[in-house]
Number of protein chains: 4
Amino acid sequence: MLTINWKPDKESSIPLYKQIIDYSKDRMRNGEWTIGSKLPTQRELAKIFEVNRSTIVEALDELKAEGLIEGKSGKGTSIVNNTWSLLASISPPNW
Amino acid sequence: MLTINWKPDKESSIPLYKQIIDYSKDRMRNGEWTIGSKLPTQRELAKIFEVNRSTIVEALDELKAEGLIEGKSGKGTSIVNNTWSLLASISPPNW
Amino acid sequence: MLTINWKPDKESSIPLYKQIIDYSKDRMRNGEWTIGSKLPTQRELAKIFEVNRSTIVEALDELKAEGLIEGKSGKGTSIVNNTWSLLASISPPNW
Amino acid sequence: MLTINWKPDKESSIPLYKQIIDYSKDRMRNGEWTIGSKLPTQRELAKIFEVNRSTIVEALDELKAEGLIEGKSGKGTSIVNNTWSLLASISPPNW
DNA sequence: GTGGTCTAGACCACT
DNA sequence: GTGGTCTAGACCACT
């Protein structure tokens, strides 16, 4: 299980769910969140980040849509990392 | 009639109507917009600032509420400046 | 113009827009809000009730759907009361 | 789950939420959306129609008020069709 | 000026 | 997970 000691900035003009997405991607890029590792449950994440669980759902939805994580009902959410997607969001390749 | 060559920044995270309020207060503080001078019509302001007229109405509403301007139906809007109000919004007096 | 000195209860489990609908219907039933009288503007109601204008719009939408009020762009909202509709919503007649 | 391949026309002068209401009623009239079938989630509909979820909610609110659909927290929205209501909105009977 | 429409974002209740 | 509620902000049409 991943450990997290960070909170989104509620004063920031960047939406909470986007801050969470960015934070998660950073962790994956850094290799801190490796493929196969499991995320805390949505309820736990909500407590850790001190946001509503719906905000967590919104962030995870996007990460799922980008193929970075995978959630199976009742089995938690895991990193299925996709290096290409992450690289692409930094700077597009010039092939 | 006052001349204006400034536009709010549509990319800013500061709401358009707030940028317009701030800009107006600055002009009054600077003494560029003196008591008694008339503002362009709402429609003209909308064109000048490149925003919707409703956004102008919203900004003028607040300036009116603060007693800085006064609008009479069919007679345009004029500065009735209130130095105290403006000072107050910089730093509160310590009486 | 109707005078209002009431605010919805933000702590209540009843949604704000529903409290506003109920309050409005009560005023009409009591005959305090008579046919033809004009409501304050949506923006004023928002200030009076200390809610967002969207919440006002949501409440007025329902009253409109029930044929109790009528809103005209640029001309405000008026009571067009329908006694039958109001009675029906208290208790169904037993004919 | 119902399949949808249609989008409201953003250029139309008919409000988006009204287009969505009309489209939905047509589907029900045609018998394509049968009683008991489930609609996609509000968030999915928003993506499909390329509008904000609030616009979806506005449309569903009306369909709900007309008794055509029913939404249950955490359980999605289903068609509870009311043929009379639909017929009535095409042309009133001449009894 | 004002009602109407729409977007973006967030939280809650209930499952 | 999903419907329901609410806020803040902006634009448009019509007067």
Side-chain angles (χ1 to χ4, degrees), chain A residues 8 10 13-19 42-43 46 50-61 64 71 73-74, chain B residues 8 10 13-20 42-43 46 50-61 64 71 73-74, chain C residues 8 10 13-19 38-46 50-61 64 69-78, chain D residues 8 10 12-19 38-46 50-61 64 69-78:
Chain A
K10 298 217 177 190
S13 66
I14 300 172
L16 295 171
Y17 80 95
K18 275 197 185 124
Q19 292 184 50
Q42 296 182 347
R43 276 162 232 276
E50 291 176 359
V51 299
N52 192 276
R53 189 162 67 84
S54 312
T55 303
I56 299 294
V57 171
E58 207 171 335
L60 296 187
D61 268 357
K64 226 180 289 176
S73 278
Chain B
K10 299 217 176 189
S13 66
I14 300 171
L16 295 171
Y17 80 94
K18 276 199 184 120
Q19 292 184 48
I20 294 171
Q42 297 182 347
R43 276 162 232 277
E50 291 176 359
V51 300
N52 192 276
R53 189 161 68 81
S54 312
T55 303
I56 299 295
V57 171
E58 207 170 334
L60 295 187
D61 267 358
K64 226 179 293 176
S73 276
Chain C
K10 299 218 177 188
S13 66
I14 300 172
L16 296 172
Y17 78 93
K18 275 194 186 125
Q19 293 183 49
K38 282 189 90 171
L39 258 64
T41 68
Q42 296 180 346
R43 287 159 179 88
E44 281 167 352
L45 286 171
E50 292 175 357
V51 300
N52 192 273
R53 180 157 83 98
S54 307
T55 301
I56 298 295
V57 169
E58 203 173 350
L60 296 187
D61 269 354
K64 226 183 303 169
I69 62 171
E70 212 173 75
K72 281 184 188 160
S73 260
K75 306 194 62 172
T77 304
S78 330
Chain D
K10 299 217 176 189
S12 166
S13 66
I14 300 171
L16 296 171
Y17 79 92
K18 276 197 184 124
Q19 292 184 51
K38 281 190 92 171
L39 258 62
T41 68
Q42 296 179 346
R43 287 158 178 90
E44 280 168 352
L45 287 171
E50 291 175 358
V51 300
N52 192 273
R53 180 157 83 100
S54 306
T55 302
I56 299 295
V57 169
E58 203 174 349
L60 296 186
D61 268 354
K64 225 182 304 170
I69 62 172
E70 213 173 74
K72 281 184 189 160
S73 261
K75 305 193 62 170
T77 306
S78 328

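Residue numbers begin at 1 in each chain, while the letters A, B, ... track the order of the sequences. Values reported hereafter were calculated over all heavy atoms of this structure, with side chains retained and with hydrogens, waters and symmetry mates removed.
Between Gln42(A) and dG1(F) there is no side-chain N or O to OP1 or OP2 distance below 4.0 Å. Contact annotation: Lys64(C) reaches the phosphate of dG4(E) (side-chain N/O to OP1 or OP2, under 4.0 Å).
For the pair Glu70(C) CD and dG3(E) C1', the interatomic distance rounds to 12 Å; values are reported in whole Å. Note: CD1 (Ile56(C)) to C1' (dG3(E)) measures 13 Å, nearest angstrom. One interatomic measurement links the two molecules: CG of Asp61(C) to C1' of dT5(E), which rounds to 10 Å at whole-angstrom precision.
Remark: side-chain polar atoms of Lys10(A) are not paired, donor with acceptor, to backbone N or O of Val51(A) under 3.5 angstrom. Remark: the backbone N or O of Ile14(B) is paired with a side-chain donor or acceptor of Gln19(B) at under 3.5 angstrom.
Contact check for Leu39(D) versus Leu60(D): side-chain heavy atoms found under the 4.5 Å cut-off.
Heavy atoms only, all atoms of each residue included: Thr77(D) and Gly71(D) are closest at OG1-CA, 4.0 Å.
Residue contacts shown for Ser13(D) are absent, as no nucleic acid heavy atom lies under 4.0 Å away.
In this structure, CD in Gln42(B) is found 11.0 Å from CG in Asn52(B), a value given to the nearest 0.5 Å. Of the inter-residue distances, the one linking Glu50(C) atom CD with Leu16(C) atom CG reads 11.0 Å to the nearest 0.5 angstrom. In this structure, CG in Asp61(B) is found 8.0 Å from CZ in Arg43(C), a value given to the nearest 0.5 Å.
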(Q) Output the pairing pattern of DNA chain F as a dot-bracket string, 5' first, Watson-Crick or G-U wobble with both distances under 3.5 Å, | for cross-strand pairs, [ ] for crossing pairs. (A) ||||||||||||||.

Q. When you check every protein heavy atom under 4.0 Å of nucleotides 10-15 of chain F, what one-letter string (B, S, -) results, 5' to 3'?
A. BBB-BS

Q: Test Glu70(D) against Ser78(D) for side-chain contact (heavy atoms from CB on, under 4.5 Å), laying out the working first.
A: CA-CA 6 Å; Glu70(D) 213 173 74; Ser78(D) 328; 5.7 Å; no

